[in-house]
Colleague: 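The structure that follows is given in the form of structure tokens.
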Amino acid sequence: MDAQREARLNQQNTIHNKGNTLMKYNMDNYTAVGIAEGFIETDDEGEFLAAWQYLVDTGLCWSLQGWFGRTAEGLIQNGIINPPSQGNN
């Protein structure tokens, strides 16, 4: 695994929800998809939102099944998560 990919997999996300900074979560592709789909359970809303923000920031949600992109777009439009950072998708 190259260093850039490893760094991306170990990326920490900070979620800004309506001006509030939530906790940081270690997130990788598998964990984010698992939380979003529900096969990795979490009772932590911050972790759930961090997973979606990770999927948006990495651009992964736009290349998975359509449901991911539509859900991400809804979360962005409702101000629940941030739009993708420039240059990430």
Side-chain angles (χ1 to χ4, degrees):
M1 175 180 323
D2 67 22
Q4 187 177 29
R5 182 168 184 252
E6 186 172 343
R8 190 171 59 237
L9 291 176
N10 293 323
Q11 172 183 354
Q12 288 192 330
N13 285 357
T14 301
I15 304 301
H16 300 278
N17 185 0
K18 299 182 182 176
N20 298 320
T21 302
L22 302 177
M23 296 177 66
K24 289 186 176 184
Y25 297 91
N26 286 326
M27 200 61 60
D28 58 42
N29 293 349
Y30 179 82
T31 304
V33 170
I35 291 171
E37 279 199 341
F39 66 83
I40 296 177
E41 295 183 17
T42 183
D43 292 331
D44 183 346
E45 183 180 5
E47 186 176 34
F48 179 79
L49 296 176
W52 278 102
Q53 189 67 59
Y54 177 89
L55 294 173
V56 168
D57 289 345
T58 60
L60 188 57
C61 67
W62 316 122
S63 62
L64 295 170
Q65 298 174 23
W67 170 84
F68 284 93
R70 290 188 299 274
T71 302
E73 189 62 37
L75 291 169
I76 292 166
Q77 287 180 357
N78 287 304
I80 297 169
I81 61 174
N82 294 320
S85 302
Q86 289 183 339
N88 283 345
N89 64 339

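Just so you know, these numbers come straight off a predicted model, no measurement behind them.
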Colleague: Looking at Y54 and A32, what are the two nearest heavy atoms and their distance?
Modeller: CD2-CB, 3.5 Å
Colleague: Return the CD1 to CD distance between I80 and Q53, rounded to the nearest 0.5 Å.
Modeller: 11.5 Å
Colleague: Would you say the side chain of Y25 lies within less than 4.5 Å of the side chain of T31, judging by non-hydrogen atoms?
Modeller: no
Colleague: Would you confirm whether D28, through its side chain, and Y30, through its main-chain N or O, come within 3.5 Å as a donor-acceptor pair?
Modeller: yes
Colleague: For residues M27 and E47, report the shortest heavy-atom separation together with the two atoms involved.
Modeller: CE-O, 4.0 Å
Colleague: Calculate, to the nearest 0.5 Å, the distance between atoms CZ and CG belonging to F48 and L75 respectively.
Modeller: 6.5 Å
Colleague: Which atoms form the tightest heavy-atom contact between W67 and A36, and what is the distance?
Modeller: CH2-O, 3.4 Å
Colleague: So which atom in V56 and which in P83 form the shortest heavy-atom distance, rounded to 0.1 Å?
Modeller: CG1-C, 4.0 Å
Colleague: Indicate the ring-plane relationship of F68 and W52, choosing parallel, tilted or perpendicular according to the 30° and 60° boundaries.
Modeller: tilted
Colleague: Give me the atom names and distance for the closest heavy-atom approach of I81 to A72.
Modeller: CD1-O, 4.3 Å
